[in-house]
S.K.: 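Take a look at the following structure, please.
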Amino acid sequence: MRSLLLIFTFVTSVLAGPWIQVPPLGHAETIELPPKALGHNKRTLTNVTTTETTAWGATCTELHFPISVKRTTPYNLTLENYNVTILYETAKRHVLVSNTYEIAGRLCVPAPQHRKRNLDDTIQVLVHGATFNKIMWDLPYKPEKYSYTKRVNEEGYTTFAFDLIGAGNSTFPNGLMETNTGTFVEITHQVIQKLRTTTTFGNKTWKRIIFGGFSIGGIVANSLSEKYPADVDLLLLHGISWDITWIYPAFLAGLQASASTIDPQRWGGIEPFYQTQTTRASRIAACFHGDYEAEITEWDWRLRDFDSLGAALTFTFHLVTAPKFKGPVFLGIGENDSTFCGGEKCSTAPYDVVKRFPRAKVHNVRVYKNTGHLVLFHKTGPQLIEDSLRFLKENGF
Ligand SMILES: *[C@@H]1O[C@H](CO)[C@@H](O)[C@H](O)[C@H]1NC(C)=O
Ligand SMILES: *[C@@H]1O[C@H](CO)[C@@H](O)[C@H](O)[C@H]1NC(C)=O
Ligand SMILES: *[C@@H]1O[C@H](CO)[C@@H](O)[C@H](O)[C@H]1NC(C)=O
Ligand SMILES: *[C@@H]1O[C@H](CO)[C@@H](O)[C@H](O)[C@H]1NC(C)=O
Ligand SMILES: *[C@@H]1O[C@H](CO)[C@@H](O)[C@H](O)[C@H]1NC(C)=O
Ligand SMILES: *[C@@H]1O[C@H](CO)[C@@H](O)[C@H](O)[C@H]1NC(C)=O
């Protein structure tokens with residue numbers, strides 16, 4: 001009875017928020033992004049379509065489209081009846097709630113002079129990490145070095161980077177019951193079905209799908225290729241491994257707290273299940289190590305987005321073995337990745353990709369020197385892009 005009461009008090013205080021006081025480590029910063037319509041769980045779509053031409057001549061369109069997911073757990077789990085079944089059902093990688101979300105994606109079609117006939121029906125689907133959004137694939141800072149999108153567009157690849165729910169311009173539903181890895185996987189599956197079978201994205205259907213995922217985006221790719229092995233043709237995994245020893249300590253060392261308490265003025269409307277790093281130093285501890293430009297950490301800080309309690313609770317359950325996936329798999333990781341590579345000492349962890357994708361046609365592992373978790377924003381970032389490109393070409397993409 002007493003523990004039931006405690007749980008009840010916990011849930012109600014979570015719902016009432018604020019439930020975590022920000023530690024007095026530096027001061028809260030207001031990021032200079034346009035304010036978002038937060039706390040929304042829209043069923044009416046805003047139907048945004050904006051198109052721009054980039055400096056490298058690509059045509060990029062921000063598309064907002066609906067994706068519906070169906071509950072896969074047999075239980076009707078709600079916060080009002082909170083109990084441990086929520087934990088066990090997310091461990092089984094279930095979707096807990098049926099809903100329709102607005103997903104925001106950015107489609108970039110290469111300039112005519114960059115297009116290649118053999119890539120006509122090939123698209124790269126890009127999924128960001130937690131506390132990031134789709135902008136990470138096209139950083140405005142020194143795009144000639146750090147924009148993955150620019151580089152691969154110039155090589156003729158069309159890209160489609162989308163915001164997971166609870167990030168960027170996509171819907172912010174309940175951050176525990178809905179914004180979790182099981183739902184991310186299901187949404188990604190639906191997005192891929194739409195790419196393959198409808199003409200919503202660039203007026204054509206896409207036959208060959210390359211999946212590029214960073215951190216939780218790579219974990220989504222792993223789980224997806226176990227559940228739906230035919231969805232994707234080739235995997236580019238950035239910043240993941242299957243060694244979970246360091247994951248939760250490193251995650252906690254990022255000093256995440258409820259976004260609404262970090263900056264009440266800007267983020268006060270977001271439910272307390274959404275969280276992010278409290279200070280620049282804690283962001284750097286989570287994402288950087290070794291060789292990187294000081295200035296890039298400032299861009300990264302200003303562009304940082306949200307994690308959710310749901311994502312944090314569930315992501316390790318999606319580090320799985322995908323015995324049926326047959327496509328080529330590339331894995332690139334920083335040797336000083338504090339989360340996935342045993343802190344300062346990365347040993348054999350990345351090579352587990354061979355065991356985790358036992359039937360993959362090809363495995364390729366790259367470990368980058370003096371590099372932390374967010375490989376792309378380190379001095380080795382351009383090398384990661386080149387290695388990913390070479391892997392694609394070697395495998396006929
Ligand atoms: C949404 O956009 C499409 C074209 O992209 C247009 O045909 C349609 O009328 C729009 N719907 C609404 C409700 O604005
Ligand atoms: C789930 O339970 C809640 C009350 O706890 C109820 O309001 C809701 O209608 C139920 N949903 C379904 C699909 O049964
Ligand atoms: C948790 O709640 C759900 C929905 O009310 C119920 O079906 C389930 O049996 C409960 N689990 C436990 C362990 O009490
Ligand atoms: C969301 O949309 C706004 C307005 O179109 C844009 O400025 C911003 O960059 C978008 N955010 C992301 C994460 O793409
Ligand atoms: C798709 O076709 C429409 C209508 O012809 C055009 O306006 C739009 O630019 C095309 N989109 C892309 C990405 O090619
Ligand atoms: C990064 O990892 C390597 C390999 O374990 C280690 O030798 C090196 O000292 C680390 N770099 C830093 C800056 O800690």
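The first residue of the sequence shown is numbered 1, and numbering continues consecutively from there. When a ligand or atom number is given, it counts from 1 through the structure's own listing order. This structure is a prediction, so every number in the text was calculated from the model and none was measured.
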S.K.: Could you tell me whether Ile244 atom CD1 has more than 12 heavy atoms of other residues or ligands within 6.0 Å of it?
M.R.: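 Incorrect, the count does not exceed 12.
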S.K.: Could you tell me whether Arg304 sits above the aromatic face of Phe132, with NZ or CZ closer than 6.0 angstrom to the six-membered ring centre and within 45 degrees of the axis?
M.R.: no
S.K.: With distance as the sole criterion, is a donor-acceptor pair present between the side chains of Glu154 and His114 under 3.5 Å?
M.R.: no
S.K.: Please tabulate, one line per pair, the protein nitrogen or oxygen atoms found under 3.5 angstrom from a nitrogen or oxygen of ligand 2, with distances to 0.1 Å, or say none if there are no such pairs.
M.R.:
{"from": "ligand 2", "atom 1": "2 (O)", "to": "Asn76", "atom 2": "ND2", "distance (Å)": "2.4"}
{"from": "ligand 2", "atom 1": "5 (O)", "to": "Asn81", "atom 2": "ND2", "distance (Å)": "3.2"}
{"from": "ligand 2", "atom 1": "11 (N)", "to": "Asn76", "atom 2": "ND2", "distance (Å)": "3.0"}
{"from": "ligand 2", "atom 1": "14 (O)", "to": "Asn76", "atom 2": "ND2", "distance (Å)": "3.2"}

S.K.: Quick one: do Val97 and Tyr82 end up in the same hydrophobic cluster if we chain Ile, Leu, Val, Met, Phe, Trp and Tyr together by side-chain heavy atoms under 4.5 Å apart?
M.R.: yes
S.K.: At a 4.0 Å threshold, what atoms of ligand 6 neighbour a non-hydrogen atom of Glu335?
M.R.: 1 (C), 2 (O), 3 (C), 4 (C)
S.K.: Taking non-hydrogen atoms only, is His289 closer than 4.0 angstrom to ligand 6 via side chain, backbone, both or neither?
M.R.: side chain
S.K.: For the residue pair Arg356 / Thr321, report whether a side-chain donor-acceptor contact shorter than 3.5 Å exists.
M.R.: yes
S.K.: Please round to the nearest 0.5 Å and tell me the distance separating atom CD1 of Ile240 and atom CD1 of Ile216.
M.R.: 11.0 Å
S.K.: Just which atoms of ligand 6 are under 4.0 Å from any heavy atom in Asn370?
M.R.: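 Near Asn370, meaning under 4.0 Å from one of its heavy atoms, ligand 6 has 11 (N), 13 (C).
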S.K.: Report, in ascending order of atom number, the atoms of ligand 6 lying under 4.0 Å from any heavy atom of Lys345.
M.R.: 5 (O)
S.K.: For a quick check under 3.5 Å, do Trp246 and Asp337 share a side-chain donor-acceptor pair by atom type?
M.R.: no
S.K.: Considering the heavy atoms of Asn336, write down every atom of ligand 6 situated less than 4.0 Å from one of them.
M.R.: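 In order of numbering, the contacting atoms are 1 (C), 2 (O), 3 (C), 8 (C), 10 (C), 11 (N), 12 (C), 14 (O).
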S.K.: Do Tyr351 and Ser241 have side-chain atoms, one donor and one acceptor, less than 3.5 Å apart?
M.R.: no
